[in-house]
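First up is the structure itself, then whatever we jot down about it.
Counting starts at 1 for both ligands and their atoms, in listed order.
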Amino acid sequence: MKKMFALLLAVVLVLALSACAAKQPAGKLTMATEATFPPYEYYEGDKIVGIDVEIAQIIAEKLGMELEVTDIAFDSILPGVQTGKYDIGMAGMTVTDERMEQVNFSESYATGVQVVIVKDGSAITSVDDLFADGANNTIGTQTGTTGFLYATWDIEDEGLGTVKAFAKTTDAVEALKNGQVDCVILDNEPAKALVAANEGLSILDSEYAVEDYAIAISKDNTELMEKVNGALVELIKDGSVQKVLDKYIGK
Ligand code: ARG
């Protein structure tokens with residue numbers, strides 16, 4: 001009988017302890033991203049890594065929160081943040097006026113430049129060729145990105161070509177290799193990484209547009225915005241953000 005009691009006590013103790021352990025982290029910080037965007041977010045095996053993930057990680061650590069990263073379609077990130085499905089959207093996301101109507105943005109933590117990728121030997125040799133009289137190119141972009149918007153406004157709407165949108169940056173690059181599109185408009189660092197990973201592609205010298213990347217948070221969640229932005233600003237000041245950028249981008 002005594003033994004029985006001891007066993008029961010042990011079971012109760014174990015249960016109580018595990019209930020405690022499960023409650024451990026002060027809170028979860030859920031992040032939505034689209035992980036075909038090296039070096040900002042990409043897969044290493046089945047893990048999502050990169051600049052955005054590491055910056056989010058050090059922000060979460062500062063706030064005593066546990067980071068959880070989810071890979072979704074790029075154009076689902078802002079709706080997901082707006083509806084509160086995810087706390088933050090971090091995806092090499094450019095701050096634009098249109099997006100600022102949907103969500104709030106943190107301080108900017110990085111700069112992006114829209115560039116143009118072509119096949120080696122392409123008839124397109126500069127960005128200006130895309131806007132030349134009588135131009136008629138098929139432009140590859142990622143759905144919902146600024147590259148897609150610029151190409152639509154500046155090229156398709158002007159009757160200078162057609163824009164094709166792909167769910168993943170890697171699909172757009174595949175389409176370029178197969179000749180389904182004549183070029184791809186993409187942010188410079190992912191462009192460099194994708195050109196390095198695929199033979200026979202190059203980036204045109206001229207730049208298309210310079211942009212700021214920031215973290216998107218719901219307009220309803222000003223408390224989280226203050227916390228996240230406060231942590232980010234400190235991590236920019238003390239050089240931690242630059243350290244992450246240098247690790248992936250180098251000099
Ligand atoms: N900077 C561009 C934009 O905000 C492209 C971002 C794409 N990001 C990604 N993780 N696929 O529209």
Side chain to side chain contact (heavy atoms under 4.5 Å, CB included) evaluation trace for I249 with D246: CA-CA 5 Å; I249 297 176; D246 289 347; over 6 Å; no

List, pair by pair, the atoms of ligand 1 and of the protein that are both N or O and lie under 3.5 Å apart, giving the separation rounded to 0.1 Å.
{"unit_1": "ligand 1", "atom_1": "1 (N)", "unit_2": "G92", "atom_2": "O", "d": "2.8"}
{"unit_1": "ligand 1", "atom_1": "1 (N)", "unit_2": "T94", "atom_2": "OG1", "d": "2.8"}
{"unit_1": "ligand 1", "atom_1": "1 (N)", "unit_2": "D187", "atom_2": "OD2", "d": "2.6"}
{"unit_1": "ligand 1", "atom_1": "4 (O)", "unit_2": "T94", "atom_2": "N", "d": "2.8"}
{"unit_1": "ligand 1", "atom_1": "4 (O)", "unit_2": "T94", "atom_2": "OG1", "d": "3.2"}
{"unit_1": "ligand 1", "atom_1": "4 (O)", "unit_2": "R99", "atom_2": "NH1", "d": "2.8"}
{"unit_1": "ligand 1", "atom_1": "8 (N)", "unit_2": "A91", "atom_2": "O", "d": "2.7"}
{"unit_1": "ligand 1", "atom_1": "10 (N)", "unit_2": "E34", "atom_2": "O", "d": "2.8"}
{"unit_1": "ligand 1", "atom_1": "10 (N)", "unit_2": "E41", "atom_2": "OE2", "d": "3.0"}
{"unit_1": "ligand 1", "atom_1": "10 (N)", "unit_2": "A91", "atom_2": "O", "d": "3.2"}
{"unit_1": "ligand 1", "atom_1": "11 (N)", "unit_2": "E34", "atom_2": "OE1", "d": "2.8"}
{"unit_1": "ligand 1", "atom_1": "11 (N)", "unit_2": "Q142", "atom_2": "OE1", "d": "2.8"}
{"unit_1": "ligand 1", "atom_1": "12 (O)", "unit_2": "R99", "atom_2": "NH1", "d": "3.4"}
{"unit_1": "ligand 1", "atom_1": "12 (O)", "unit_2": "R99", "atom_2": "NH2", "d": "2.8"}
{"unit_1": "ligand 1", "atom_1": "12 (O)", "unit_2": "T146", "atom_2": "N", "d": "2.7"}
{"unit_1": "ligand 1", "atom_1": "12 (O)", "unit_2": "T146", "atom_2": "OG1", "d": "3.4"}

Side-chain H-bond candidate by donor/acceptor type, Y248 with E189, under 3.5 Å: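 No, no side-chain donor-acceptor contact under 3.5 Å.
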
Sole residue of T169, L201, T36 in side-chain contact (heavy atoms from CB on, under 4.5 Å) with L194: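 Exactly one candidate clears the test, T169.
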
Member of T33, I217, I55 meeting the side-chain contact (heavy atoms from CB on, under 4.5 Å) criterion with M90: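 Among the candidates, only I55 passes.
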
V115 backbone acceptor or donor facing N188 side chain under 3.5 Å: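 No, the answer is negative, given that no donor and acceptor are paired below the 3.5 Å cut-off.
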
Ionic contact status for E234 with K237, cut-off 4.0 Å: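 No salt bridge links K237 with E234.
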
